[in-house]
Amino acid sequence: MNTGNREKTEGNGRPEGEKSHFIRQIIEADIASGKYSGRVVTRFPPEPNGYLHIGHAKSICLNFGLARQYRGRCHLRFDDTNPMKENVEYVDSIKEDVRWLGFDWDDHEYFASDYFDRLYEYALELIRSGNAYVDSLSPDQIREYRGTLSEPGKESPYRNRSVEESLELFEKMRQGEFAEGECVLRAKIDMSSPNIVMRDPTLYRIRRMSHHRTVDKWCIYPMYDFAHCLSDSMEGITHSLCTLEFENNRELYDWILAKLDVYHPQQIEFARLNLSNTVLSKRRLIHLVEGGYVDGWDDPRMPTISGFRRRGYTPASIRDFCERIGVARRDSMVDLALLEHCVREDLNKNAMRVMGVLRPLKVVIENYPEDETETLTAINNPEDQSMGTRDVPFSRVIYIERGDFMEDPPKKFFRLAPGREVRLRYAYFIRCTDVIRDESGGIVELRCTYDPETRGGDAPDGRKVKSTLHWVAASHAVQGTVRLYDHLFTVENPAEKKDAMAFLNQESLEVLTGCMLEPELEHAAAGQRYQFERLGYFYADHKDSAPGRPVFNRIVTLRDTWAKIQKTQKKIS
RNA sequence: UGAGGGUUGGUCUAGUGGCAAGACGACGGGUUCUGGCCCCGUUAACCCAGGUUCGAAUCCUGGACCCUCAGCCA
């Protein structure tokens, strides 16, 4: 009997942690009614014209997750109907991102461009049945004829061309006998429809441009509205999930499939993800990269999947996040703190603990023997005893965090101060006896004494200390680079600002060199994640880190109560 | 202004005529060799106005506000 978590249910037949939402309800109703004879087939249909971001992750988790949950399948389909914008390099990055997130499309990998022949046949059929015509109006004229939100449009003078003439013209379009913009194929629907999408929408346009897959076979390309519904239909998709901005297009989706009398999936719209303190529109993301505000698409500050991967986020934490935010139809702004919570929760359970001093302050333990080094035992993960222990060297000169010492400590500062005793984690109690300064008065070194009786971290006399510090023995320290990342923007919703870039966080990246790390980290494998105790979770950067020369990205800080106290103290004073 | 959607604590999401629930956050406390984790507690919401009903977040009517659409983009 499997009593694993995934098998537990809450009485609705749904595994725990997968909450009810309107799309699941629709699917369950469809399964119950036998609407698609119980099949569930979804698809993730990216346009290969850019990198995937966390908003796409929501859609990926939804589509692939639903297929997994209801034992259906999910297709990966590249919506490559516009050769002006699309490129193979994006196809590869998209596949890599979907796989990294933990999803598999088996052999269900499709390209809208693979359907160009059949799509062309469907277009012919629409012309023959009097439901489409070739229009010779210019792009500007088409816009004028379309009308406005409150006024109906006018019919094109070419609208009532004979079927034969349209057929002939469409064939000539395909043959390349027209220049771009000279004519288009339009659906013949209703120029006075209150839904502007239905005012004779363009189905095919001319693009004298080579396509990343069909190369020069075509010079006419189908529009999204035409290609998408028919691709869904041909693949036997049952539930075609898309974002709210396609709501107005659903009427056209249904119209095309009805006129062609083909298998008819249902389009269901949900709200796209908005995440606080960042931007998710393709335009703004491109601006960040091309304007040099970040270091590329996979800059760890970017909300792209590759950015999160580079930062050190785990796929599981992103999947968990996508499940927790839910699926609904209202516009929303999810707090970045939720994503951070998800990755902390994952890493708390799974990441090995180590000690690393980011801003070192030298400490000499005056009563500790000059040339001695001893080995102490540290626990690798208190949340998972099976991860075992490791040896940590200790000697007379160590480094502690500069922020862990204050000469004139405020009320709630529990750490080291002159005359005060603290614990060095897994080592000894030390007491600060002296502060050494340089000419300009800066603190360069601390003198301390240790209590040999406290080896391992406990005092036999039962006395307590208020605080435990992390530390690294100078004699064995490994030097490394650590990059501290913070929110990309200082405001919750930069996209609503007229000048979003003015709200870029100037401190979103701080590079620290000369960090002192425990020897364990000298050969930290690239791609490894650690908790630096008391600081946060860190990732050995898979591009820049090398054996003996580690480079870490801070994934997220630990929750920091002291930082909060400092913040409120600053506000008061 | 035409059409299509939407509105539940600070944030996200449940609730589909019968005690407004959960998560995140914030705040307070306990515990602790991580000011972490964990545990306990507090805070805090049905857009408004009418109506139907024994009873309305839910149904009806009216209103307010927000989002989407006038690409030969997706």
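All chains are named by letter (A, B, ...) in the order of the sequence lines, taking the proteins before the strands, and each is independently numbered beginning at 1.
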So [X], base contact, sugar-phosphate only, or nothing? Heavy-atom distance under 4.0 Å.
X: Ile142(A); result: base
X: Asp458(A); result: base
X: Phe413(A); result: base
X: Ser276(A); result: nothing

SB check [X] [Y] (cutoff 4.0 Å):
X: Arg359(A); Y: Glu401(A); answer: no
X: Arg213(A); Y: Asp114(A); answer: yes
X: Glu345(A); Y: Arg324(A); answer: yes

Establish, with yes or no, whether the OP1 or OP2 oxygen of [N] is under 4.0 angstrom from a side-chain nitrogen or oxygen of [X].
X: His470(A); N: U34(B); answer: no
X: Ser467(A); N: U34(B); answer: no
X: Ser20(A); N: G15(B); answer: yes
X: Arg330(A); N: U8(B); answer: yes
X: Thr148(A); N: G2(B); answer: no
X: Arg205(A); N: G71(B); answer: no

For this session: State the syn/anti category of G30(B) according to its glycosidic angle, syn meaning within 90° of 0.
Result: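 Anti, angle beyond 90° from zero.
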
Problem set entry | Worked verdict on Lys464(A) versus Phe429(A) for side-chain contact (heavy atoms from CB on, under 4.5 Å) | CA-CA 10 Å; Lys464(A) 301 291 182 198; Phe429(A) 286 10; over 6 Å; no

Nucleotide of [options] approaching [X] most closely (side-chain heavy atoms):
X: Asn248(A); options: G4(B), U34(B), C37(B); result: G4(B)
X: Lys19(A); options: C73(B), G15(B), U13(B); result: U13(B)
X: Ser150(A); options: G15(B), G2(B), C73(B); result: G2(B)

Can you tell me the Watson-Crick or wobble partner of [N], both distances under 3.5 angstrom?
N: G71(B); answer: none
N: U32(B); answer: none
N: A23(B); answer: U11(B)
N: U16(B); answer: none

For this session: Applying salt bridge (Lys or Arg N to Asp or Glu O under 4.0 Å), run through Glu247(A) and Arg329(A) and close with a yes or a no.
Result: CA-CA 11 Å; Glu247(A) 219 170 333; Arg329(A) 288 178 64 88; 2.5 Å; yes

Exercise. Strictly by modelled atom types, are Tyr537(A) and Gln531(A) linked by a side-chain donor-acceptor pair under 3.5 Å?
Worked result: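 The answer is yes; a qualifying pair exists.
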
Which whole-number value in Å describes the distance from [X] [atom1] to [N] [atom2]?
X: Lys464(A); N: U34(B); atom1: NZ; atom2: P; answer: 11 Å
X: Arg423(A); N: U32(B); atom1: CZ; atom2: P; answer: 11 Å
X: Asn381(A); N: U32(B); atom1: CG; atom2: P; answer: 20 Å
X: Lys411(A); N: G35(B); atom1: NZ; atom2: P; answer: 19 Å
X: Asp225(A); N: C73(B); atom1: CG; atom2: P; answer: 12 Å
X: Arg329(A); N: U8(B); atom1: CZ; atom2: P; answer: 15 Å

Can you find a donor-acceptor N/O pair under 3.5 angstrom joining the side chain of [X] to the base of [N]?
X: Glu151(A); N: U1(B); result: no
X: Arg415(A); N: G35(B); result: yes
X: Glu245(A); N: G5(B); result: no

Problem set entry | Selection: residues 345-357 of chain A, any non-hydrogen atom under 4.0 Å of RNA chain B |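 Those residues are Asn348(A), Arg353(A).
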
Exercise. What interatomic distance, in whole Å, is found between C1' of A26(B) and the corresponding atom of U43(B)?
Worked result: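 My reading of the C1' atoms in U43(B) and A26(B) gives 8 Å.
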
Problem set entry | Integer angstrom distance from the P of C65(B) to that of G25(B) |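 It comes out at 35 Å once rounded to the nearest Å.
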
Exercise. Hey, is Tyr224(A) stacking on A74(B)? Ring centres under 5.5 Å, planes under 30°.
Worked result: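 Ring-base stacking flag not set for Tyr224(A) and A74(B).
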
Problem set entry | Derivation of the side-chain contact (heavy atoms from CB on, under 4.5 Å) call for Asn348(A) and Glu383(A) | CA-CA 7 Å; Asn348(A) 175 53; Glu383(A) 306 291 321; 3.6 Å; yes

For this session: State, to 0.1 Å, how close Val327(A) and His21(A) come at their nearest heavy-atom pair, and which atoms those are.
Result: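 Taking every non-hydrogen atom into account, O-CB, 3.5 Å.
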
For this session: If the plane angle is over 60° it's perpendicular, under 30° parallel, otherwise tilted; pick one for Phe246(A) and Tyr224(A).
Result: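 Tilted.
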
Problem set entry | Which residue lies more 5' along RNA chain B, comparing Pro45(A) with Ser332(A) via nearest heavy atoms |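 Per heavy-atom nearest nucleotide, the more 5' residue is Ser332(A).
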
